[in-house]
J.: 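Let me give you the structure first, and then I'll get to my questions.
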Amino acid sequence: MFQRIQATIRKIPRGKVSTYGAIARAAGFPGAARQVVWALHSSNGLPWHRVVGAGGEIKLQGEPALEQKLRLESEGVSFSGRRVAMKQHEFHFPSPKRARKSGRVQNKRRG
DNA sequence: GATATGACGTCAT
DNA sequence: CATGACGCCATAT
């Protein structure tokens with residue numbers, strides 16, 4: 001479980017951020033945003049600072065909140081007041097769509 | 001099993 | 001935008 005979530009969090013590249021819900025979904029646990037938190041609590045080498053709340057809002061408080069903002073800015077992430085510029089840094093996880101190995105296109109329907 | 005907790009998300013006021 | 005309420009799920013006691 002956490003292993004899956006942690007792996008998902010690690011996929012977040014630098015200069016990008018994601019939300020608890022999105023991570024949970026990408027990990028395969030829609031609605032398990034709280035579990036993402038637990039995964040973060042696990043003292044691992046996870047890029048926790050790249051995880052923010054819905055709308056790019058930093059859910060931390062006090063010093064940790066400042067730390068995350070500092071770390072993100074250090075990666076080139078811009079802020080809109082006290083929130084992350086999601087429109088520029090929201091990381092979209094790769095959809096689990098069956099990848100076509102031979103560059104084969106999917107059944108394209110006449111449009 | 002029940003209760004309490006937690007870096008959440010969404011809706012209603 | 002701020003506050004209140006509910007839903008969600010694993011963990012700890």
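Order of the sequence lines fixes the chain letters, A, B, ..., with proteins taken first and strands second; residue numbering starts at 1 for each chain.
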J.: Over how many whole Å does the gap from A/F29 atom CZ to C/dT11 atom P extend?
T.: 11 Å
J.: Which nucleotide, B/dA7, C/dT11, B/dG9, lies nearest any side-chain atom of A/F2?
T.: C/dT11
J.: Rounded to whole angstrom units, what separation is found between the CZ atom of A/R34 and the P atom of B/dG6?
T.: 10 Å
J.: Report the nucleotide, chosen from B/dA7, B/dT10, B/dG6, that has the shortest atom-to-atom distance to any side-chain atom of A/Q35.
T.: B/dG6
J.: In whole Å, I'd like the distance from the OH atom of A/Y20 to the P atom of C/dC9.
T.: 19 Å
J.: Is there a donor-acceptor contact under 3.5 Å from the side chain of A/S74 to the main chain of A/L70?
T.: no
J.: Could A/K69 and A/F79 be counted as a cation-pi pair, given that NZ or CZ must be under 6.0 Å from the ring centre and within 45° of the axis?
T.: yes
J.: Using atom types as modelled and distance alone, determine if a side-chain donor or acceptor of A/E67 lies under 3.5 Å from a backbone N or O of A/H49.
T.: no
J.: Let me spell it out: for each of A/W38 and A/G31, pick the nucleotide of DNA chain C with the closest heavy atom. Which residue's pick is nearer the 5' end?
T.: A/G31
J.: With P as the reference atom in both, quote the distance from C/dC8 to B/dA12 in angstrom, rounded to an integer.
T.: 16 Å
J.: In whole Å, I'd like the distance from the CZ atom of A/R83 to the C1' atom of B/dG9.
T.: 14 Å
J.: Would you say A/F29 and A/T8 make side-chain contact, with heavy atoms under 4.5 Å?
T.: no
J.: In whole angstrom, give the distance that lies between atom NE2 of A/H41 and atom P of C/dA12.
T.: 12 Å
J.: Between the main-chain N or O of A/R83 and the side-chain N or O of A/S80, is there a donor-acceptor pair closer than 3.5 Å?
T.: no
J.: Is there a residue in residues 55-76 of chain A whose heavy atoms reach under 4.0 Å of DNA chain B, and which residues are they?
T.: A/K59, A/L60
J.: Can you tell me how far C1' of C/dA2 sits from CZ of A/R82, to the nearest Å?
T.: 11 Å
J.: Between CD1 of A/I23 and CZ of A/F93, what distance do you get to the nearest 0.5 Å?
T.: 5.0 Å
